[in-house]
Amino acid sequence: MSLAPSPLPFQAPEPRREALTVFVRGLEVQAGIGVHDHEQGRLQTLMIDVELELGPVEVDGLDDTVNYETVAESARAIVMAGHVGLVETFADRLALACLGNPRVRAARVRVEKPGALAAAIAPGCEVVWRR
């Protein structure tokens, strides 16, 4: 069986997957966080977005990717470990926990702290860690 000539003036290369991104957006946790006296001994809401870059892997089952629940469990474990001074520290800890999975090439973690700044929807930070 012969293939019809391409209508394009060139032969397009075979498509290939360059990467897979797994994400969790809008994860809400209640955390002991903050450096100010009024933030000690109370919980505050954090909104967390995580993007994990994996290699160009074939995904046939859960063992080939990152389970969303492990990302949420990592965030909850940081909360359970005790008070954290800065959202930057929280974001770093979560990104590094995600990089503990050998499939993860890079971790982008955004942490928002709604209510921490008057007249702002949510101040926060975003960190990117890469192997």
- prompt: To the nearest 0.5 Å, what is the distance between OH (Tyr68) and CG (Leu27)?
  reply: 13.5 Å
- prompt: Does Leu43 belong to the same Ile/Leu/Val/Met/Phe/Trp/Tyr cluster as Ile78, with side-chain heavy atoms less than 4.5 Å apart forming each link?
  reply: no
query: How about Glu112 and Arg110: do any of their side-chain heavy atoms sit closer than 4.5 Å?
result: yes
query: Between Met47 and Val50, is there a shared hydrophobic cluster once you connect ILVMFWY residues whose side-chain heavy atoms come closer than 4.5 Å?
result: no
- request: Run the salt-bridge test on Arg108 and Glu53 with the 4.0 Å N-O cut-off and return the result as yes or no.
  value: no
message: Any side-chain to backbone donor/acceptor pair from Arg103 onto Val66? Under 3.5 Å, distance only.
response: no
Joint cluster assignment, Leu96 & Phe23, ILVMFWY side-chain distance < 4.5 Å: no
statement: The reported gap from CD1 in Ile48 to CZ in Phe90 (rounded to nearest 0.5 angstrom) is 4.0 Å
field: Nearest-0.5 Å distance, OG1 of residue Thr89 to CG of residue Leu94
entry: 12.5 Å
message: Can you confirm whether Thr21 sits close enough to Leu52 that some side-chain heavy atom of one is under 4.5 Å from a side-chain heavy atom of the other?
response: no
message: With heavy-atom distances below 4.5 Å as the criterion, would you say the side chains of Val109 and Arg93 are in contact?
response: no
Salt bridge Arg16-Glu14, side-chain N to carboxylate O under 4.0 Å: no
- line: Nearest heavy-atom approach of Pro102 to Arg131 is CA-NH2, 3.8 Å
- request: Answer yes or no: is there a donor N or O on one side and an acceptor on the other, between the side chain of Asn101 and the main chain of Cys98, under 3.5 Å?
  value: no
field: Hydrophobic cluster of Val35, others only, ordered by chain and residue number, side-chain cut-off 4.5 Å
entry: Leu86
- request: Determine whether Glu18 and Pro56 make a side-chain contact, defined as any pair of heavy atoms from C-beta on separated by less than 4.5 Å.
  value: no
task: Would you indicate whether the side-chain heavy atoms of Lys113 and Gln44 approach each other to under 4.5 Å?
output: yes
- request: Give, for atom CZ of Arg42 and atom CD of Gln30, the distance between the pair rounded to the nearest 0.5 Å.
  value: 10.5 Å
query: If you count the non-hydrogen atoms of other residues, nucleotides and ligands that lie under 6.0 Å from CD in Glu58, is the total more than 12?
result: no
field: Distance in Å, Glu126 CD paired with Asp49 CG, rounded so as to fall on 0.5 Å steps
entry: 8.5 Å
message: Minimum heavy-atom separation for Gly85 and Ile33, please, with both atom names.
response: O-CG1, 4.2 Å
- prompt: Do Val87 and Leu117 belong together in a cluster built from hydrophobic side chains that touch within less than 4.5 Å?
  reply: no
statement: So CG of Asn67 and CG of Asp63: to nearest 0.5 Å the spacing works out to 10.0 Å
message: Tell me if a side-chain donor or acceptor on Gln40 pairs with a main-chain N or O of Gly34 at a distance below 3.5 Å.
response: yes
